[in-house]
Amino acid sequence: MLGVPCRLSGLVHMPRHLDAARAQPTIAPLVPSNRRADSGNGKGNPVSPHVDQFFEERLAKARKLSELGVDPWGAKYETSSDLAGARAKAEAANIAPGTESEVSVRVAGRVVAVRAFGKATFVALRDRSGDIQAYLRSDRLGEAGYAVVKLLDLGDFVGVEGVLGRTKTGEITVFTKALTFLTKALRPLPEKFHGLSDTDTRFRQRYLDLVANPEVRERFVKRSRLIASLRRRLEERGFIEVETPMMQAIPGGATARPFITHHNALDIDLYMRISPELYLKRLLVGGLDKVFEIGRQFRNEGLSPKHNPEFTMMELYQAYGNLDDMMDITESVVSGLAEELSGSGEAQFAGKPVKLSRPWPRLDYLSLLREKAGVDPSSVDSLRAAARKAGVDTAKLDKWALMDEVFSNYVEPGLWDACFVCGAPIELTLLCKARRDDPSRAERFEAYAAGMELANAYTELNDAVEQRRRFQEQAGGATAAETGGKLDEDFLTAMEHGMPPAGGLGIGIDRLAMIVLGAETIREVVLFPLLRPREAAPAAPAAPAAEAPAKE
RNA sequence: GAGGGCGUAGCUCAGUCUGGUAGAGCAACGGCUUUUUAAGCCGUGGGCCGAGGGUUCAAAUCCCUCCGCCCUCACCA
């Protein structure tokens, strides 16, 4: 830990006195500390002197650059376009193979391949948009310019200025007239051909994953576009984006276990939100009418390919609306996003197509239990038997919990093409209105695709008296211990001031991204998924161990 | 929490069953090379084989413990 700031400050000052005499003492101690960080053994074992061969060699090259009057850590570089832009320009210019055009460009990127032929060198540059090849010749760059080329390593950043052309093999190439060195990389990149596949390294050092694996970079660019597009679509429908507290005195809106944090000045514990629902509904009371929030939720539960402790959810509430509006929004927004990002209403997940184009079938919760799970939903014994068969510990479960278990074990995995499951029992929800035609059922749907729950929507309960009754009933329940069984009085008070009838909807953004982008685990769509910290707890824990999160 | 798999050079991987001086490709270093596409050719360096303990004349390999990652299950509105 301590090594990190030291190392940084050392490096920051490097360019200013790269002459070997002064730089050496600054650098020398860096090497072992930085090796420690890498090896992760955290025990400060002596390290053999050659392990930082790459680091030292590259540092030496940085010094040489400095001696040549080139700043190894350069500054702003004005580009004419990104690499894909340059490529497009070349396409448009209709250049014959083996010729150079008059079209000049100025582009920059990271060097991801070097093929050197003595007095000429090809380098592949990479930026977010893609790759392009640059051709660097001694006779074009001059002796001094080419001396810099000889000091290039994989991973360095450079800018090149020149004309677009095609090599005799037809490859679009920047025939470079001027090379500008931008950044020296002191550590090597993962191998160019196989890329980086070790999941541990990929997730812990995602930046390497992004550089080495273009498809990973594409996926995260697409995730960003997906969220931007979702936001645009909701705004077009008249919703406004709001932000509600992530730290809440009473975590409400769902019953997952929360993370606990502490505010020092107020000396109170706060909970990382498990849902923004109760705050968003206060905004309906306040008359904001159509609101949405895209943000992180935190649930202190197990990890799995479908669960990260922090995940992104979109929730929206529409005053004067109901479940039908939520269905319309879900169907059109999700199918629209799929269409926009993958060019079709069909996604590929686990090697199988997932139909996302509308209309989605409306399925009945209880019928699915009967048909897919073969149980009699009215019989506790039937439910219990089925749940047991699935390996569920049924001892403490009531009828409704059993039903939920049976559903998620027998029905959910088979819901592959996008669909709505409607009419779950009212007992499974706390915040949803009962159906007029059947008060035992909730006016609710859950949307499923690829065997995962994707969305959850209600016609919102706006009866303040009934809401209080349900809260009180639940206050003795399972999660009461976590939160002291407190009712969210502030929310109830708000509702007592009158909340308009409304539809509410939550869409899991990570899961939507998984399905649309064909990623089978949530870790492939979350840039920095939670992993156990590398450096294990030190042998002598001087700090209060009590504050350590979850012993699990 | 339980079971299974994995951990060897900067990266991708052999080697572990059947114990006997630690291997390949890429990357790096030195040389040759001004149109390559995983460039090529010649040469060189690089490993506490995840950590600790045990068995053995001898351990990457067998045994035990621990750490990390992945998968399945459990937990989880």
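Small disclaimer: the values here were computed from a predicted structure and weren't measured. Chain letters run A, B, ... following the sequence lines, proteins first, then strands; residues in each count from 1.
- Between B:C64 and B:C69, the two P atoms lie 23 Å apart (nearest whole Å).
- Between A:Glu56 atom CD and B:A27 atom C1' there is a gap of 17 Å when expressed in whole angstrom units.
- In this model, no side-chain donor or acceptor of A:Gln53 finds a partner on the base of B:G10 within 3.5 Å.
- Relative to the side chain of A:Arg532, the nucleotides B:C69, B:U34, B:C76 differ in distance, and B:C69 lies closest.
- Listed candidates were B:G68, B:C76, B:C70. Nearest to the side chain of A:Asp200 is B:G68.
- A close approach under 4.0 Å does not occur between any side-chain nitrogen or oxygen of A:Arg115 and OP1 or OP2 of B:U36.
- If you check B:U35, B:G10, B:C29 against the side chain of A:Arg137, the one that comes closest is B:U35.
- Of the P atoms belonging to B:U61 and B:C48, the separation is 16 Å, rounded to the nearest Å.
- Comparing A:Phe193 and A:Leu196 along RNA chain B, the residue whose closest nucleotide (by nearest heavy atom) sits nearer the 5' end is A:Leu196.
- Pairing for B:U72 goes to B:A2, judged as Watson-Crick or G-U wobble with the two contacts each under 3.5 Å.
- For B:A9, there is no paired nucleotide, since no Watson-Crick or G-U wobble pair has both relevant distances below 3.5 Å.
- Across all strands shown, B:A51 forms a Watson-Crick or G-U wobble pair, both distances under 3.5 Å, with B:U65.
- Residue A:Arg257 contributes atom CZ, which lies 13 Å from atom P of B:C75 at whole-angstrom precision.
- When heavy atoms are screened at a 4.0 angstrom cut-off, A:Lys61 is found touching the sugar-phosphate backbone but no base atom.
- Under the side chain to side chain contact (heavy atoms under 4.5 Å, CB included) criterion, A:Asn213 pairs with A:Leu196, A:Arg202, A:Asp209, A:Glu215, A:Val216, sequence neighbours left out.
- Under the 3.5 Å distance criterion, the side-chain polar atoms of A:Glu191 are matched with a main-chain donor or acceptor of A:His194.
- Ion pairing between a basic and an acidic side chain is recognised when a charged N comes within 4.0 Å of a carboxylate O; A:Glu466 and A:Arg469 show such pairing.
- Within 4.0 Å of A:Gly195, counting heavy atoms only, lie sugar-phosphate atoms of the nucleic acid but no base atom.
- Judged purely by atom type and a 3.5 angstrom limit, A:Tyr146 has no side-chain atom pairing as donor or acceptor with the backbone of A:Arg140.
- Residue-level contact check: A:Ala390 touches the backbone only, with heavy atoms under 4.0 Å from sugar-phosphate atoms and none from bases.
- Look at the P atom in both B:U56 and B:G19: the space between them is 16 Å, to the nearest Å.
- Contact annotation for A:Thr199: backbone-only contact, meaning every heavy-atom pair under 4.0 Å involves sugar-phosphate atoms and none involves a base.
- For the pair A:Asp156 CG and B:A28 C1', the computed distance is 13 Å after rounding to whole Å.
- For A:Asp200 (side chain) and A:Phe203 (main-chain N/O), no donor-acceptor pair under 3.5 Å exists by modelled atom type.
- Taking atom C1' in both B:A38 and B:C13, one finds a spacing of 16 Å when rounded to whole Å.
- Checking side-chain atoms of A:Gln467 against main-chain N and O of A:Leu430 turns up a donor-acceptor pair under 3.5 Å.
- Remark: the A:Ser138 side chain and the B:U34 base include no donor-acceptor N/O pair separated by less than 3.5 Å.
- Within the 4.0 Å cut-off from OP1 or OP2 of B:C69, at least one side-chain nitrogen or oxygen of A:Arg204 is found.
- Salt bridge annotation for A:Glu91-A:Arg166: present, with a cationic side-chain nitrogen under 4.0 angstrom from a carboxylate oxygen.
- Considering only residues two or more places apart in sequence or on other chains, A:Arg444 meets the salt bridge (Lys or Arg N to Asp or Glu O under 4.0 Å) condition with A:Glu446.
- A:Leu208 comes within 4.0 angstrom of no nucleic acid atom, judged by non-hydrogen atoms across all strands.
- Comparing the same atom, C1', in B:U33 and in B:G15 gives a spacing of 36 Å after rounding to whole Å.
- Residue pairs meeting the salt bridge (Lys or Arg N to Asp or Glu O under 4.0 Å) criterion with at least one member in residues 107-125 of chain A: none, sequence neighbours excluded.
- Across B:U34, B:G25, B:U35, the shortest atom-to-atom separation from the side chain of A:Lys168 is found for B:U35.
- Contact annotation: A:Lys192 side-chain N/O to B:C11 OP1/OP2 distance is not under 4.0 Å.
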> Can you list the steps and then say if A:Glu100 with A:Thr173 is a side-chain contact (heavy atoms from CB on, under 4.5 Å)?
Replying inline: CA-CA 9 Å; A:Glu100 299 173 32; A:Thr173 302; over 6 Å; no
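- Nucleotides B:A24 and B:U34 are separated by 32 Å at their C1' atoms, to the nearest Å.
- Base pairing of B:A77: no nucleotide in any strand meets the Watson-Crick or G-U wobble criterion (both distances under 3.5 Å).
- For the segment residues 520-530 of chain A, residues with any heavy atom less than 4.0 angstrom from an atom of RNA chain B are, sorted by number, A:Thr521, A:Arg523.
- Nucleotides B:C6 and B:C26 are separated by 23 Å at their C1' atoms, to the nearest Å.
- Of the candidates B:U36, B:U12, B:U72, B:U72 carries the atom nearest the A:Pro305 side chain, counting heavy atoms from C-beta on.
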Short heteroatom pairs, N/O only, protein and nucleotides 31-33 of chain B, under 3.5 Å:
residue	atom	partner	partner atom	Å
B:U33	N3	A:Gly118	N	3.3
B:U33	O4	A:Gly118	N	3.3

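- Pair assignment for B:G43 gives B:C29, based on Watson-Crick or G-U wobble hydrogen-bonding distances that are each under 3.5 Å.
- Counting only heavy atoms from C-beta on, A:Phe175 has its side chain closest to B:U35 among B:U36, B:U35, B:A38.
- Spacing between B:C57 and B:C73 at atom C1', rounded to whole Å, works out to 46 Å.
- Contact annotation for A:Phe407: no contact, since no heavy-atom pair falls under 4.0 Å across all strands.
- Residues meeting the ring-ring contact (aromatic ring centres under 6.0 Å, His included) test with A:Phe445, sequence neighbours left out: A:Phe420.
- The residue among A:Asp139 and A:Glu453 whose nearest nucleotide of RNA chain B lies closer to the 5′ end is A:Asp139.
- On a pure distance criterion of 3.5 Å, no polar donor-acceptor pair joins the side chain of A:Glu171 and the base of B:U35.
- With hydrogens and angles ignored, a donor-acceptor pair under 3.5 angstrom links the side chain of A:Thr167 to the base of B:U37.
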> Between A:Phe175 and A:Arg137, is a side-chain contact (heavy atoms from CB on, under 4.5 Å) present by the stated rule, with each step listed?
Replying inline: CA-CA 8 Å; A:Phe175 289 80; A:Arg137 295 169 53 136; 5.6 Å; no
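- Both distances falling under 3.5 Å, in either a Watson-Crick or a G-U wobble arrangement, occur for no nucleotide opposite B:U34.
- Taking the six-membered ring where tryptophan is involved, the planes of A:Phe259 and A:Phe298 are perpendicular, since the angle between them exceeds 60° and thus also 30°.
- In this structure B:U56 sits in no base pair that meets the Watson-Crick or G-U test at under 3.5 Å.
- Checking the phosphate oxygens (OP1, OP2) of B:C13, a side-chain nitrogen or oxygen of A:Ser197 falls inside 4.0 Å.
- Comment: A:Lys433 does not engage A:Asp463 in a salt bridge, judged by the lack of any side-chain N to carboxylate O separation of less than 4.0 angstrom.
- A:Asp198 comes within contact range of the sugar-phosphate backbone alone, with a heavy-atom separation under 4.0 Å but no base atom that close.
- Closest to the side chain of A:Phe54, from the set B:U72, B:A74, B:A28, is B:A28.
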